[in-house]
Asker: 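One structure, pasted below without further comment.
Keep in mind it's a predicted model, so treat the numbers as computed, not measured.
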Amino acid sequence: VKPDIDIKDVYNAIKSVSHERGEFVMTIAEKLINEGIEKGIEKGKLETAIEMKKLGSDIEFISKVTKISIKVLKKEIFKDE
């Protein structure tokens, strides 16, 4: 994989061979982008939960604010307690 390749270049190259395959590649790219966005959101929520814990918030409040289950919070954030 070359870091300087743009997804649009790949799409255009594949589309020139087959319109259907070009659409398939864009679908895969969109799925990967969405997965990356979701992972970023989850990471941000965990970082927020860590900060809230440092400020003294209890696990129930953090769960309500971040929408992270108490089970996950206990595993990821409150594991030392």
Asker: State, yes or no, whether a side-chain contact exists between Glu42 and Leu46 at a heavy-atom distance under 4.5 Å.
Answerer: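 In short, these two side chains do not touch, never coming nearer than 4.5 Å.
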
Asker: Measure the shortest side-chain to side-chain distance between Ser63 and Leu73 over non-hydrogen atoms and say whether it is less than 4.5 angstrom.
Answerer: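 Yes. Closest side-chain heavy atoms under 4.5 Å.
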
Asker: Side-chain heavy atoms nearer than 4.5 Å, only ILVMFWY residues, links allowed to pass through others: does that put Ile33 and Ile41 together?
Answerer: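 Yes, because Ile33 and Ile41 connect within a single hydrophobic cluster, where side-chain heavy atoms sit under 4.5 Å apart.
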
Asker: Identify, with sequence neighbours excluded, every residue that meets salt bridge (charged side-chain N to carboxylate O under 4.0 Å, His left out) alongside Glu51.
Answerer: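 By the salt bridge (charged side-chain N to carboxylate O under 4.0 Å, His left out) rule, Glu51 matches Lys54.
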
Asker: Would you say the side-chain atoms of Ser57 pair up with the backbone N or O of Lys53, donor to acceptor, closer than 3.5 Å?
Answerer: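 Answer holds: no.
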
Asker: Compare all side-chain heavy atoms of Ile77 with those of Ile62 and state whether any distance is below 4.5 angstrom.
Answerer: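 SC-SC contact between Ile77 and Ile62 ruled out.
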
Asker: Can you tell which of Leu55, Thr48, Ile50 makes a side chain to side chain contact (heavy atoms under 4.5 Å, CB included) with Met52?
Answerer: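 The side chain to side chain contact (heavy atoms under 4.5 Å, CB included) with Met52 is passed solely by Thr48 among Leu55, Thr48, Ile50.
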
Asker: For Lys67 and Lys64, which heavy atoms make the closest approach, and how far apart are they?
Answerer: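 The answer is NZ-O, 3.5 Å.
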
Asker: Is it the case that the side chain of Thr66 and the backbone of Ala49 share a donor-acceptor pair, with hydrogens and angles ignored and the cut-off at 3.5 Å?
Answerer: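 Checked: no pair found.
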
